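Following: one structure in structure tokens, then a few remarks.
Model, not experiment: these values are computed from the prediction. By convention here, the first residue in the shown sequence is residue 1.
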Amino acid sequence: MNQVRAMALITVLMGLFGTTAEADGAPDVGLAAYRVVALRAPADGKPAERLQPLGDVRPGDTVEYEAVYRNPSATPARDVKLTLPVPAGGLQYLATTATPAATSASLDGRTFEPLPLVRTVTLPDGRTARREVPASEYRFLRWNLGDLPAGGTRTV
């Protein structure tokens, strides 16, 4: 993916992001995207990484989004729900990587369920069973942030 396409993706995400946030009042949403770069493990052996501004993105790269939700009003924003799209066509959510942990997800942007998502599948013998949906199929993640005080911020 070239830099122009990556920047277009960020623009599309920001447009979707702002329209999918729900709250009493109108908090501001800022979205930044970074490429995660693995570094050599230090002497303690723990993996290390660095975030770089998003430029060229290649297959196999990990992109991290940071959303900052700010309430500029003089009153609290009540029951803030933040929804972030995971665009199809090359991007996928890596399970359990969201901080804080997402509270629900959706495959279609309309129906949200608590994590992990499950679906009914038909087994070869004709029986049905509930199976976990791979996180790579999630198209939207949602966080219930609760109330956001006047002048307060939350980062996802």
Side-chain angles (χ1 to χ4, degrees), residues 1-23 26-72 76-77 79-119 130-156:
M1 181 182 302
N2 64 34
Q3 186 171 2
V4 172
R5 187 161 174 215
M7 296 309 287
L9 174 64
I10 294 169
T11 302
V12 169
L13 279 174
M14 290 177 78
L16 290 172
F17 193 72
T19 61
T20 58
E22 304 168 18
D28 295 331
V29 182
L31 181 65
Y34 304 95
R35 188 164 65 96
V36 179
V37 178
L39 302 174
R40 275 208 268 155
D44 63 9
K46 294 181 182 176
E49 59 188 34
R50 177 176 45 128
L51 299 179
Q52 292 181 337
L54 190 63
D56 289 338
V57 180
R58 294 176 221 88
D61 283 352
T62 300
V63 176
E64 180 175 310
Y65 292 95
E66 178 183 78
V68 178
Y69 217 56
R70 185 177 72 83
N71 180 5
D79 191 28
V80 176
K81 292 179 179 73
L82 180 66
T83 301
L84 180 65
V86 180
L91 292 178
Q92 61 185 356
Y93 170 61
L94 300 175
T96 69
T97 60
T99 305
T103 53
S104 59
S106 174
L107 302 176
D108 61 10
R110 292 183 300 275
T111 305
F112 285 82
E113 299 290 333
L115 295 176
L117 295 181
V118 293
R119 66 176 151 221
R130 302 280 289 160
R131 298 287 189 254
E132 194 170 311
V133 175
S136 61
E137 294 182 28
Y138 295 4
R139 292 295 120 219
F140 296 84
L141 298 172
R142 180 170 285 168
W143 289 261
N144 292 325
L145 300 177
D147 293 347
L148 187 58
T153 61
R154 296 263 168 73
T155 301
V156 173

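- Distance CZ/Arg119 to CD/Glu137: 4.0 Å, rounded to 0.5 Å.
- Summarising the geometry of Ala67 relative to Leu82, their closest heavy-atom pair is CB-CD2, 4.3 Å, with the distance given to 0.1 Å.
- Residues Val156 and Leu141 have side chains not in contact (no heavy-atom distance under 4.5 Å, counting atoms from C-beta outward).
- Distance check, rounded to the nearest 0.5 Å: CG of Leu148 to CG of Asp79 gives 11.5 Å.
- For Glu132, the salt bridge (charged side-chain N to carboxylate O under 4.0 Å, His left out) test picks out no residue, with sequence neighbours left out.
- Scanning for salt bridge (charged side-chain N to carboxylate O under 4.0 Å, His left out) contacts around Arg131 gives an empty result, with sequence neighbours left out.
- Considering only residues two or more places apart in sequence or on other chains, Arg139 meets the side-chain hydrogen bond (donor to acceptor under 3.5 Å, both in side chains) condition with none of them.
- Pairs of residues two or more places apart, or lying in two chains, that qualify as side chain to side chain donor-acceptor pair (under 3.5 Å) and include a residue from residues 147-156 are Arg78-Asp147.
- For residues 85-97, there are no side chain to side chain donor-acceptor pair (under 3.5 Å) pairs, not counting sequence neighbours.
- Under the 4.5 Å side-chain criterion, counting only non-hydrogen atoms from C-beta, Leu84 is in contact with Trp143.
- Inter-residue side-chain proximity for Val36 and Tyr34 is flagged as unmet; no heavy-atom pair is nearer than 4.5 Å.
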I'd like a table of donor-acceptor pairs (distance under 3.5 Å, sequence neighbours excluded) in which one partner is a side-chain atom from residues 107-118, with atom names and distances.
unit_1: Asp108; atom_1: OD1; unit_2: Ser106; atom_2: OG; d: 3.0
unit_1: Asp108; atom_1: OD1; unit_2: Arg110; atom_2: N; d: 2.8
unit_1: Asp108; atom_1: OD1; unit_2: Thr111; atom_2: N; d: 2.9

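- Of all heavy-atom pairs spanning Leu91 and Val86, the tightest one is O-CG1, 4.1 Å.
- When all heavy atoms of Ala33 and Val63 are compared, the pair lying nearest together is CB-CG1, 4.4 Å.
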